[in-house]
Each structure stands twice: as structure tokens, then as C-alpha cells.
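Here is how names work: the chains are called A, B, and so on, in the same order as the sequence lines, proteins then strands, and each is numbered from 1.
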There are 2 protein chains.
Amino acid sequence: MVPIVESAKAQAQETILQSDLCANLSSENLETLLTIAQMRTLGANREILAQGGVADAVYLPINGYQLVERSGSDGRRQVLAFLQCGDYLGISAGQSFLYSAYTLTPSTILRFPASRFFQLVEELPILKDNLGRISSQILLRVIDHLFAIGQKRAHARLAFLLWQLWQRLPEARYPQRELELPMRRADIGDYLGLTLETTSRAFSRLRSEGVIATRQGNQVEILDMEALRRLAEVD
Amino acid sequence: MVPIVESAKAQAQETILQSDLCANLSSENLETLLTIAQMRTLGANREILAQGGVADAVYLPINGYQLVERSGSDGRRQVLAFLQCGDYLGISAGQSFLYSAYTLTPSTILRFPASRFFQLVEELPILKDNLGRISSQILLRVIDHLFAIGQKRAHARLAFLLWQLWQRLPEARYPQRELELPMRRADIGDYLGLTLETTSRAFSRLRSEGVIATRQGNQVEILDMEALRRLAEVD
DNA sequence: CGCAACATTGAGAGCCATCAAGCAAAGTGG
DNA sequence: CCACTTTGCTTGATGGCTCTCAATGTTGCG
């Protein structure tokens, strides 16, 4: 019997291989990166990192779903991103994080202490390039997000999110039209700048227009891909 | 008499010295950077780069004000940023730009052809670090922007913009409470996800609440800095 | 001076937030 | 196994904020 730690490590290696962070890294460098990683297993709705906390580590989820949010002093919050395995978490400009991150579902997450991680970044140009690429991708994603919130109405914003989630499905599952939504309506609302009620009405509208169908367990089937794409207005 | 080109070059060097892009660069490296620069002088409301165009250059304004926008297929647009001298322009993830940029006022802009610029970036680690820092700063700014649009009401969004602009004044002018707004109400509206009329009403509201006063020539005086900061909800 | 561009203000409509109720699914304890 | 609770989703009614359409006022320029 393989020890749990070893099988988890194997899964980590498997996932990490396909992550943007580790693209093009030699297996030797990958091994080095894994030696500085700590593995954390968290239940649902646990804090990964806290807004205002010292940015002393970066993270890489290897399974489960997570959420990144920015909260204001009056309790309002803006959900910045929904994460899944292989997504880099830990961008910071200064000493501290300007957002919080939580698990949506039970998750296993690799934690890299900042000091050793960024030392490694300096030693491995490929890793540095990957970080730059990730940073650009995140920026472009946030710009899409900004455009959606600033210029679209409720149902089109939801279409935007569904399109985003669909496009991020693993390629093997790409022809598939089923989506799993591990987040609650309130999370989606705070992502789209809407209340949970308006979000629910947006689901109802897309349903009644025949764009999507919803099933048990927060499963969404995309019925009219072209209509969804047109509403989301991305290519 | 110094030739115009030379005096402009001197101004370029002066400005460039204080830009984030060129921070910590030796004067020798600065000189190298300037040798690959082309200087462009544009009138107001001219296109600097076009959404969808080939990302074959990056830019650095050395005077004037500029605007970056993302436009959708239905004509709606999201203003992404207001630029001024020393601001880096040219982030791209793929082959083409995903936004357009225009001059708001007559501007002089340095243009760096991408091939030679990024070759230089590879040769100068300091330049590469600066680019990374700029990228992070832009990301954080966009996140603030997202939070404002997603979670604030019209007058608070305007307060957010005014606060942003005030904070970006050169330090020498920092105690000053006067702001110049080179953009139109429609530009501000598209930046904040509002119509120009609602933007105008937001100005009126901040005026009537004694937070700001407006003068001729789109000058704004901040009367109640604390109220502005509280509305903008940033620190 | 007169025109053009931009800003302001008003009236009414529409979309979304708020408050509230009802419903469905999952978990809990007797 | 089944009340009971909890949690989350949906739907309805109402009010408020913003958009749209429109008119007026202001500034700047030829």
C-alpha cells in the first residue's frame, strides 16, 4: 500500500505539471520546487490567506475549488476570482495581501514560503517567465471582468461568468456542455456586482430563454452555446 | 539655441528618470534604452494604439494625458485607465493588444519597438524587475477599480476616481488640493460604468455636500479630503 | 458674434436592491 | 424512519438608483 502522503505527492506532481506556474520546467526543477512545498488539506469554507496579512507565501491548489475576494470596511465584498487546481494564488505588490482567499470545497493546496520561492524564481529563469505570463493572464482576466461589470446587465454578466467557467474546463472535457458550480448564488452575485436575488433571477432568465438548463447539485447545462457567447461578448 | 529634438530628448530623459519603467537603471542603460526609442508628437484625441492591432511596440508618454479603453462589439466601452507622463503602456499577453489608447491632450510619447525592447529586457535584469513591478501595480489598480464599479454607488465611484487622481499628483504638488481633469464627463462615465449624465449628477452631489468645488477649465478643488477618502474607501 | 462642443438639470422609465415569503434539499436527533 | 432544523434557491412586491430622452446653460473657438 502506498502511503497517503506519497499518493498525494504523486497527485501534486501530476497537477503541477499542467499548471501555468510549472510549464516548461524540467522534472529536476519540478522536484526542487516540490521540496520547498508544504501540503495543506482544508475543509470547505476555510481561510487560505487573509486580506492585510503578511504575504509570506504563495499557493497552488491541487484539487477542489477556491474563491478570492476583496472586502471593504462596510462589509461589502467583491469576489475577484474562482480558482481551481493549477491556478496560481499569491500575487502581491507590497508586504501584505490585498485580498482574502477561501476554500469553496474541501481542497488540497501546496504552500510555498515566499522567501524560498522567490529565491528559486531568481535562480530559474523559466519560472520567472511563467510568473510574468501568469501575471499578464490574470490582468487580462480582470480587464474582462471589469468590462462585464461596468457595461453589462445582470443576465449578460452571468453569461460572462458561465462562459469563463466553461472555457476553463480541461480540454478533454471540452465538447461537454455541463458545468459544475461549486459556489453559492451570493458568491456569484458578489463576483458580478449583483445581489443573490438578482443573480437567481438572471439564472431564471437564461433558463426561460433556453440558453441554459439547471440540474440538481448546481449543475448547469449549456443549451445554446452561441447565445451564451453572444451575451458574454468574448471570443 | 538648442535644437528642438535635443531639448525634447532632454525632457524625455528627465521624465524617464522618474518613471517606474526606468527606476534604478544606470545612466548608461538609460542611454541604451533611449537609442531604441522613437519620439511621437500627437494632437488631442489621436489614436496611440488600437485594440486588435499587432502588439509590436510599447509606449511611454512624456507629457500630456492619455486614455486606455476596451470597446465591445455593440459600441459600449470601458475606460480602463487615465495615463500621464511616465506611465507604461503596452501590456499584452498574446500577439495583439486587447485595448485601445488615445491622447486626451496633445502628447509626446516614446515608442519602443517590441522586438528590440524585449531583447533589452532580457539583457537588463533591472528592467525586467521593473516591468514585473509595473505589472503588479497595474493589477492592483484594476482590482481597486473593479471593487469600485462592482460595489459603490455613483458619487462614491466618482470620489474613488478623484482620490486616485489626487494620489498620483507629483509629490512636490502633494499638499495641493487642486486637480486638473483633462477628460470629458463621458470618459469619466465610461471609466466608472456610468452614463455621462449620472456622472454629472455625481459631481453636483459632491459639490452640494461640500466635498469638492469645481472651477473653470475642468479644475476641481478638494474641500473635504477626509470625506473624499471615506467615500473612496481606500487607504 | 455665432457656432460647436460639452456640462448641467429635469422628467419619466427601467433595472436592480431590498424586504419578505415560500420551497426544496440536506443534515440532525429522537 | 421521520419530524425538525438548517441552508440555500426561487419568486413576488415595492422602492430607489441609474439610464434614457430632452432641454437649457456654459465654455471655448473660429
Side-chain angles (χ1 to χ4, degrees), chain A residues 43-45 65 67 74-79 104-106 148-162 179-209 212-220 231, chain B residues 43-45 65 67 74-79 104-106 148-162 179-209 212-220 231:
Chain A
N45 303 311
Y65 293 91
L67 169 158
D74 59 352
R76 297 182 74 84
R77 69 169 190 163
Q78 175 66 48
V79 171
L104 284 167
T105 64
I149 289 189
Q151 307 298 327
K152 293 177 190 301
R153 294 194 296 150
H155 68 289
R157 294 189 204 178
L158 177 58
F160 163 75
L161 172 61
L162 294 177
L179 273 178
E180 191 191 350
L181 300 184
M183 67 294 281
R184 302 172 306 161
R185 294 290 185 263
D187 296 325
I188 296 176
D190 286 342
Y191 181 78
L192 299 175
L194 303 169
T195 60
L196 69 94
E197 294 96 332
T198 301
T199 304
S200 182
R201 279 185 246 270
F203 270 99
S204 298
R205 175 160 178 179
L206 292 186
R207 262 193 304 263
S208 74
E209 289 178 350
I212 62 170
T214 54
R215 310 210 181 298
Q216 265 196 340
N218 275 329
Q219 291 249 327
V220 172
L231 283 171
Chain B
N45 304 311
Y65 293 90
L67 169 156
D74 60 352
R76 298 184 72 85
R77 68 170 190 161
Q78 175 66 47
V79 172
L104 284 167
T105 64
I149 289 190
Q151 305 299 328
K152 293 176 191 300
R153 293 191 298 148
H155 67 290
R157 294 188 204 179
L158 178 57
F160 162 75
L161 172 61
L162 294 177
L179 272 178
E180 192 191 349
L181 300 185
M183 67 294 282
R184 303 172 306 161
R185 294 289 184 263
D187 297 325
I188 296 177
D190 286 341
Y191 180 77
L192 299 175
L194 302 169
T195 60
L196 68 92
E197 294 96 332
T198 301
T199 304
S200 183
R201 280 184 246 270
F203 270 98
S204 299
R205 174 161 179 179
L206 292 185
R207 262 195 304 266
S208 73
E209 289 178 351
I212 62 171
T214 54
R215 310 210 181 297
Q216 268 193 339
N218 275 329
Q219 290 251 325
V220 172
L231 283 171

Difference in axis direction between the ends of the helix from dC1(C)-dG30(D) to dG30(C)-dC1(D), five pairs, 10°: 30°
Leu158(A) CG to dC16(C) P: how many Å, rounded? 12 Å
Heavy-atom closest pair, residues His155(B) and Ala202(B): CA-CB, 3.9 Å
Please work out if Arg157(A) contacts a base, only the sugar-phosphate, or nothing of the nucleic acid, heavy-atom cut-off 4.0 Å. nothing
Could you check whether any side-chain heavy atom of Thr198(B) comes within less than 4.5 Å of a side-chain heavy atom of Arg153(B), counting everything from C-beta outward? no
Interatomic distance, Gln78(A) atom CD to Ile149(B) atom CD1 [nearest 0.5 angstrom]: 9.5 Å
Hey, mind stepping through Arg77(B) and Asp187(B) against side-chain contact (heavy atoms from CB on, under 4.5 Å) and telling me if it holds? CA-CA 9 Å; Arg77(B) 68 170 190 161; Asp187(B) 297 325; 2.4 Å; yes
In chain order, what residues pass the salt bridge (Lys or Arg N to Asp or Glu O under 4.0 Å) check against Arg201(A), with sequence neighbours excluded? none
Taking for each residue the nucleotide of DNA chain C with the nearest heavy atom, is it Ser200(B) or Gln216(A) whose nucleotide lies nearer the 5' end? Ser200(B)
Shortest non-hydrogen separation from Arg205(A) to Ser208(A) and the atoms involved: O-OG, 3.0 Å
Rounded to the nearest 0.5 Å, what separates atom CD in Glu180(A) from atom CZ in Arg215(A)? 14.0 Å
Nearest-Å distance, CZ (Arg205(B)) to P (dG10(C))? 16 Å
To the closest 0.5 Å, what do you measure between CD1 (Ile212(A)) and CG (Leu158(A))? 6.0 Å
To the nearest 0.5 Å, atom CG of Asn45(A) lies from atom OG1 of Thr105(A) at 9.5 Å
Take Met183(B) and Tyr191(B) through the side-chain contact (heavy atoms from CB on, under 4.5 Å) test and state the conclusion after the steps. CA-CA 11 Å; Met183(B) 67 294 282; Tyr191(B) 180 77; over 6 Å; no
Given the rule in the side-chain contact (heavy atoms from CB on, under 4.5 Å) test, do Leu181(A) and Leu162(A) qualify, once you have shown the distances and angles that lead to the verdict? CA-CA 9 Å; Leu181(A) 300 184; Leu162(A) 294 177; 4.3 Å; yes
So the contacted stretch of DNA chain D, first to last nucleotide with an atom under 4.0 Å from a non-hydrogen atom of chain A, runs from dG8(D) to dA13(D)
With sequence neighbours excluded, what pairs up with Gln219(A) under the side chain to side chain donor-acceptor pair (under 3.5 Å) test? none
Show the distances under 3.5 angstrom between N or O atoms of the protein and N or O atoms of nucleotides 17-23 of chain C.
unit_1	atom_1	unit_2	atom_2	d
dA17(C)	OP2	Thr195(A)	N	3.4
dA17(C)	OP2	Thr195(A)	OG1	3.3
dA17(C)	OP2	Thr198(A)	OG1	2.5
dT18(C)	O4	Arg201(A)	NH2	3.0
dC19(C)	N4	Glu197(A)	OE2	3.2

From CA spacing to verdict: salt bridge (Lys or Arg N to Asp or Glu O under 4.0 Å), Asp190(A), Arg184(A): CA-CA 10 Å; Asp190(A) 286 342; Arg184(A) 302 172 306 161; over 6 Å; no
Nucleotide-resolved protein contact map, nucleotides 1-6 of chain C, B/S/- at heavy-atom distance under 4.0 Å: -----S
Pairwise 5' ranking along DNA chain C for Arg153(A) and Gly217(A), keeping only the more 5' one: Arg153(A)
